[in-house]
Protein chains: 2
Amino acid sequence: MTAGISAPDVDDLTAEAWRRIRSISEDPGVEAASHRVMHETGLTGGPMKALRFLPLTGSLPMRGLSARMGCDHSYVTSLVDTLEERGLAHRESHPTDRRVKVIVLTEEGRRLAGRVQRAYTTPPATFTVLSDAEVATLCDLLRKLDPAGD
Amino acid sequence: MTAGISAPDVDDLTAEAWRRIRSISEDPGVEAASHRVMHETGLTGGPMKALRFLPLTGSLPMRGLSARMGCDHSYVTSLVDTLEERGLAHRESHPTDRRVKVIVLTEEGRRLAGRVQRAYTTPPATFTVLSDAEVATLCDLLRKLDPAGD
DNA sequence: TATTGTTATACTCTATAACTATA
DNA sequence: TATAGTTATAGAGTATAACAATA
């Protein structure tokens with residue numbers, strides 16, 4: 001019976017779940033927060049991206065930043081040049097290996113980087129529609145999908 | 001009791017769910033499939049992106065493509081130039097409005113665009129770890145998070 | 001000899017503005 | 001006058017290759 005309308009196939013549901021995961025992950029709020037910082041500071045996308053990957057405390061070698069960003073080290077040179085010109089970071093020489101230069105955020109750089117990094121890690125407001133139990137269930141299912149963690 | 005270890009806070013779980021959604025959505029398989037096509041054809045990212053948004057059957061005005069891609073129409077001109085040079089698409093004039101040109105994929109363009117579009121819509125293999133019921137639950141929770149659909 | 005960072009250079013992505021043809 | 005597409009141009013992201021200093 002009810003031959004005309006069939007129950008949703010699991011393949012369809014999987015495709016829908018996948019589409020929604022991609023859709024939700026493109027949170028306009030992240031965009032908006034980044035844009036706000038770019039507008040306030042006049043920074044362009046490259047240096048902004050660097051701010052996302054720089055540690056708020058301590059330091060990181062140039063090489064470490066290119067690894068985190070997944071880009072060439074020559075690009076990091078120009079990125080850190082810009083950050084230094086804006087007074088957001090500076091280079092220091094490595095204490096034991098003099099080939100290495102490490103990047104350290106300034107006070108202002110740390111404030112900005114904090115804002116940018118928070119924009120990327122703060123869940124969108126839409127999550128409040130879920131009950132605590134639903135959040136737990138969702139998290140559990142996502143863990144199964146991505147067992148390696150992160 | 002058990003004062004030392006506390007149960008995971010719902011905020012922590014929300015943050016974790018958000019992080020995992022972003023992580024899962026960056027499926028390396030999509031990258032890989034796109035890269036394969038780029039390597040085979042020598043196409044760069046711009047024309048590849050156009051292939052993602054072009055209809056496999058029928059046609060689309062230049063203006064429609066810039067709207068779908070969210071880019072300026074002047075950029076579409078150069079993108080479709082490239083597609084035409086490679087024999088993947090051609091322009092036709094609109095039957096009633098002679099200002100408009102529509103884009104039509106060639107046979108080869110359709111094959112390529114199909115591969116690219118499938119790469120973007122096919123769920124990663126990891127989804128097979130979930131039971132049918134789990135997929136349904138996941139989909140249901142994601143619908144709540146993103147009620148507008150897509 | 002291998003590695004870190006820099007420089008010079010070039011390619012790709014993409015927008016803005018001015019322009020042409022058509023509505 | 002408003003709209004579709006094109007052209008010229010420029011800026012921003014990013015890589016490659018050659019190079020200097022250090023290990």
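What you see is a predicted model, and the numbers here were worked out from it, not measured in a lab. Chain identifiers are assigned alphabetically (A, B, ...) following the order of the sequence lines, protein sequences preceding nucleic acid strands; residue numbering begins at 1 within each chain.
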Expected output: side-chain Thr106(B) to main-chain Gly87(B) donor-acceptor under 3.5 Å: yes

Whole-Å gap separating C1' (dG5(D)) and NE2 (His94(B)): 14 Å

Minimum heavy-atom distance between Thr77(B) and Met62(B), given as atom pair plus value: CA-CE, 3.8 Å

Outermost nucleotides of DNA chain C that come under 4.0 Å of a non-hydrogen atom of chain B: dT12(C) to dA23(C)

Thr44(A) side chain near dG13(D) phosphate (N/O to OP1/OP2, under 4.0 Å): yes

Protein-nucleotide distance (Lys49(A), atom NZ; dA12(D), atom C1'), rounded to Å: 13 Å

Comparing Arg63(A) and Tyr75(B) on DNA chain C - which has the more 5′ nearest nucleotide: Arg63(A)

First encountered from the 5' end of DNA chain D, between Asp97(A) and Val102(B): Val102(B)

Nucleotide dT7(D), atom P - distance to CG of Asp72(B) in whole Å: 15 Å

Atom-to-atom span, CG of Leu65(B) to P of dT6(D) - whole angstrom: 12 Å

Closest-nucleotide 5' rank along DNA chain C - winner of His73(B) and Ser78(B): Ser78(B)

Touch class at under 4.0 angstrom, heavy-atom based, for Thr96(A) against every strand present: sugar-phosphate

Ion pair Arg20(B)/Glu16(B), N-O distance below 4.0 Å: yes

Thr41(A) backbone acceptor or donor facing Arg86(A) side chain under 3.5 Å: yes

Charged N-O contact under 4.0 Å between Glu40(A) and Arg36(A): no

Residue closer to the 5' end of DNA chain D, Met69(A) versus Arg98(A) (nearest nucleotide): Met69(A)

Spacing of Phe53(A) atom CZ relative to dT14(D) atom P, expressed in whole Å: 10 Å

Interatomic distance where NE2 belongs to His90(B) and C1' belongs to dG5(D) [whole Å]: 18 Å

Whole angstrom value for the distance that separates C1' of dT22(D) from NZ of Lys101(A): 12 Å

Residues Glu107(B) and Arg110(B) bridged, charged N to O under 4.0 Å: yes

Separation of dT14(D) C1' from Asp81(A) CG (nearest whole Å): 15 Å

Polar side-chain contact Arg99(B)-dT3(D) base: donor and acceptor under 3.5 Å: yes

Under 3.5 Å donor-acceptor, Gln117(B) side chain and Pro55(B) backbone: no

